[in-house]
Amino acid sequence: MSHRLLIDGRLVDGALTLDVIDPVRASVFAQSPRADAAQAEQAVAAAKRALKDWATVGYEGRRPYLERMADAMTANRDRIAETLTRERGGPIADCRVEVERAAAAIRYFAGQKLEDRVVRENAQELIVEQRYPQGVVVAIMPWNRPLTLLAFKFGPALITGNTVIVKPAPSTPLSTLMLGELAADIFPPGVVQTLVDANDLGPLLTSHPDVAHVSFTGSTPTGKKVLGAAAGTLKRFTLELGGNDAAIVLDDADPEWAAERIFASAMINAGQVCYAAKRVYAPRRLFDAVAGALARHAVAAVLGDGLDPATTMGPLQNRTQYEKVLDFIASAHAEGGTFLTGGEPTGQGYFIRPAIVTGLPDNARLVREEQFGPLLPVQVYDDLDDAIARANDTEYGLGGTIWTGDVRRGIAIAGRIETGTIWVNQHFSLPLDVPFGGAKQSGIGLQNGIEGMEDFTQLRVLNARLAA
């Protein structure tokens, strides 16, 4: 099936094309249209033209469009999920959940509204906080969770009256283009548009004077480039960046129970999730039990084509990430790590067997950096205060977890972790009505919740004197 870009209400071919690689086989399976700079300029101009009418219809006028979009995604779930599986890898069941989650997010935000807030009202004065749309929003997506992460931008930006240009990662463009093809029959021209590039149009869009807001999800180094490009026009931005989330097992936890959940949170999408558990700290008394249980789960993982229902883990999504993970493996060996299991390429596609690694110093690359792959270091601690200090000793601050048999104790420990989100006895709970964002170099701004909607609006304070 051929795919097209959505520009100014029309589905059009790209000025160029782009090969799309199946990571299961490391071979081309499709071609994507690719926009050039002229098409990007057309999209920005169309988004700017559409802005006034889209903002004017108000929340109730915009709501039906978003609801129809969610309905269309649900109706086409299986078709989109199959394409998503082919381009990003991963089990088909997981990809269906991603489409469902994205549709649910858009449906949720369709029903939300930012109300004026009266700060002060008396006989002499009226002060009201009002919010209005910022303008053209560019949503730049990563390849690991292209649809879910898009929905967290798409829904809040549109319902608050902005127009949106969506730019997926070059290695996973097709499922996003499918959403654009659905949107073409739903939204007024220019309100929603899709552009695919080869990472060459980002500077044009992020520095464009007619773009009001850049919402970027991706790596911290690329996020810094986005921030630099946005500075020239002082445009608004949301950055959801990398993480090095620590999982701290307390000495009162059941090691088998904790290990099962940590493994699931570390190896989802072959570890290619910003909120995935990236390092584990276990007390010496439980260390062997935790590490051993994690290794057994790694051995039991079934690697394969995501279209096979038996598959539980897919490949790395692209060759660049595959080679980065291989480099992490080499450095972990060189720095004295013991691989309890895994760490070997399978010889097919971009697959690497999930690895549990012990014995690394705290300054090892696999402990300090974000691996974004199926490698999990397990570190031992003797003193809980020391474990907390080591967990916080990072430039990242996205998420983390505490695993304990005493939830109240876990909550107290969680209050000492320097992250945007910290979970106790669970992971990946991201309710749509609760904001999330990063501390330190894990990002700026918030997504989801009322706060995520507010990030796409400009605050205006109305201050009126009612009487002399």
Side-chain angles (χ1 to χ4, degrees), residues 5-11 42-76 99 101-118 128-139 147-148 150-166 176 178-195 210-215 235-236 238 432-433 435 446-462:
L5 309 172
L6 175 58
I7 300 177
D8 199 10
R10 297 184 300 115
L11 294 172
Q42 292 168 16
V44 173
K48 186 178 179 181
R49 282 195 305 271
L51 184 62
K52 182 178 179 181
D53 288 346
W54 182 245
T56 300
V57 299
Y59 284 90
E60 292 308 312
R62 294 188 289 266
R63 178 177 182 173
Y65 292 98
L66 272 73
E67 290 177 336
R68 286 177 58 198
M69 185 66 189
D71 289 343
M73 291 170 64
T74 299
N76 288 274
V99 179
R101 175 72 164 158
I106 292 170
R107 189 181 308 282
Y108 171 80
F109 286 108
Q112 302 305 302
K113 182 178 182 180
L114 296 180
E115 303 279 3
D116 290 354
R117 188 177 80 87
V118 177
V128 183
E129 288 185 355
Q130 302 173 330
R131 290 191 172 270
Y132 61 91
Q134 291 171 352
V136 178
V137 172
V138 170
L147 300 189
T148 306
L150 169 58
F152 293 164
K153 306 174 188 299
F154 186 97
L158 287 173
I159 196 60
T160 51
N162 304 277
T163 54
V164 178
I165 298 171
V166 179
T176 300
M178 293 174 77
L179 298 195
E181 289 153 9
L182 298 177
D185 293 328
I186 296 171
F187 291 94
V191 172
V192 175
Q193 299 176 89
T194 54
L195 295 176
D210 290 334
V211 170
H213 186 122
V214 177
S215 184
K235 60 173 67 1
R236 296 343 185 215
T238 307
L432 296 170
D433 60 343
L446 296 168
Q447 297 188 89
N448 287 0
I450 292 298
E451 295 84 354
M453 294 172 62
E454 289 176 343
D455 258 14
F456 289 109
T457 65
Q458 175 59 48
L459 174 65
R460 174 176 57 216
V461 176
L462 181 154

Do [X] and [Y] come within less than 4.5 Å of each other through their side chains, counting heavy atoms only?
{"X": "Arg131", "Y": "Thr160", "result": "no"}
{"X": "Phe187", "Y": "Trp54", "result": "yes"}
{"X": "Thr194", "Y": "Leu179", "result": "no"}
{"X": "Arg49", "Y": "Asp8", "result": "yes"}
{"X": "Val164", "Y": "Lys153", "result": "no"}
{"X": "Ser215", "Y": "Phe456", "result": "yes"}
{"X": "Ile159", "Y": "Leu114", "result": "no"}
{"X": "Glu181", "Y": "Leu11", "result": "yes"}

What closest approach, in Å, do [X] and [Y] show between heavy atoms, and which atom pair accounts for it?
{"X": "Gln458", "Y": "Arg236", "value": "OE1-NH2, 3.5 Å"}
{"X": "Leu66", "Y": "Gly155", "value": "CD2-O, 3.7 Å"}
{"X": "Arg107", "Y": "Glu67", "value": "NH1-O, 4.0 Å"}
{"X": "Ile106", "Y": "Ala151", "value": "CG1-CB, 4.0 Å"}
{"X": "Ala184", "Y": "Leu6", "value": "CB-CD1, 3.7 Å"}
{"X": "Thr74", "Y": "Ala103", "value": "OG1-CB, 3.7 Å"}

Quick one: pull up [atom1] in [X] and [atom2] in [Y] and give me the separation to the nearest 0.5 Å.
{"X": "Lys113", "Y": "Glu60", "atom1": "NZ", "atom2": "CD", "value": "6.0 Å"}
{"X": "Gln134", "Y": "Leu459", "atom1": "CD", "atom2": "CG", "value": "11.0 Å"}
{"X": "Ile186", "Y": "Met69", "atom1": "CD1", "atom2": "CE", "value": "5.5 Å"}
{"X": "Phe152", "Y": "Gln447", "atom1": "CZ", "atom2": "CD", "value": "7.5 Å"}
{"X": "Thr56", "Y": "Arg62", "atom1": "OG1", "atom2": "CZ", "value": "9.0 Å"}
{"X": "Glu115", "Y": "Glu129", "atom1": "CD", "atom2": "CD", "value": "13.5 Å"}

Counterpart residues, side chain to side chain donor-acceptor pair (under 3.5 Å), relative to Arg101 (two or more places apart):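 By the side chain to side chain donor-acceptor pair (under 3.5 Å) rule, Arg101 matches no residue at all.
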Residues which pass side chain to side chain donor-acceptor pair (under 3.5 Å) with Asp185, listed by chain and number, not counting sequence neighbours: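 Asp185 satisfies side chain to side chain donor-acceptor pair (under 3.5 Å) with no residue once adjacent residues are dropped.
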Under 3.5 Å: donor-acceptor pair, side chain of [X], backbone of [Y]:
{"X": "Lys235", "Y": "Val211", "value": "yes"}
{"X": "Asn448", "Y": "Asp433", "value": "no"}
{"X": "Gln193", "Y": "Ala43", "value": "yes"}

Derivation and outcome, side-chain contact (heavy atoms from CB on, under 4.5 Å), residues Val136 and Asn162: CA-CA 6 Å; Val136 178; Asn162 304 277; over 6 Å; no
More than 12 heavy atoms of other groups within 6.0 Å of Arg460 CZ: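 Buried by this count: over 12 neighbours within 6.0 Å.
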Ile7 and Leu195: CA distance, side-chain angles, deciding distance, side-chain contact (heavy atoms from CB on, under 4.5 Å) verdict: CA-CA 8 Å; Ile7 300 177; Leu195 295 176; 3.9 Å; yes
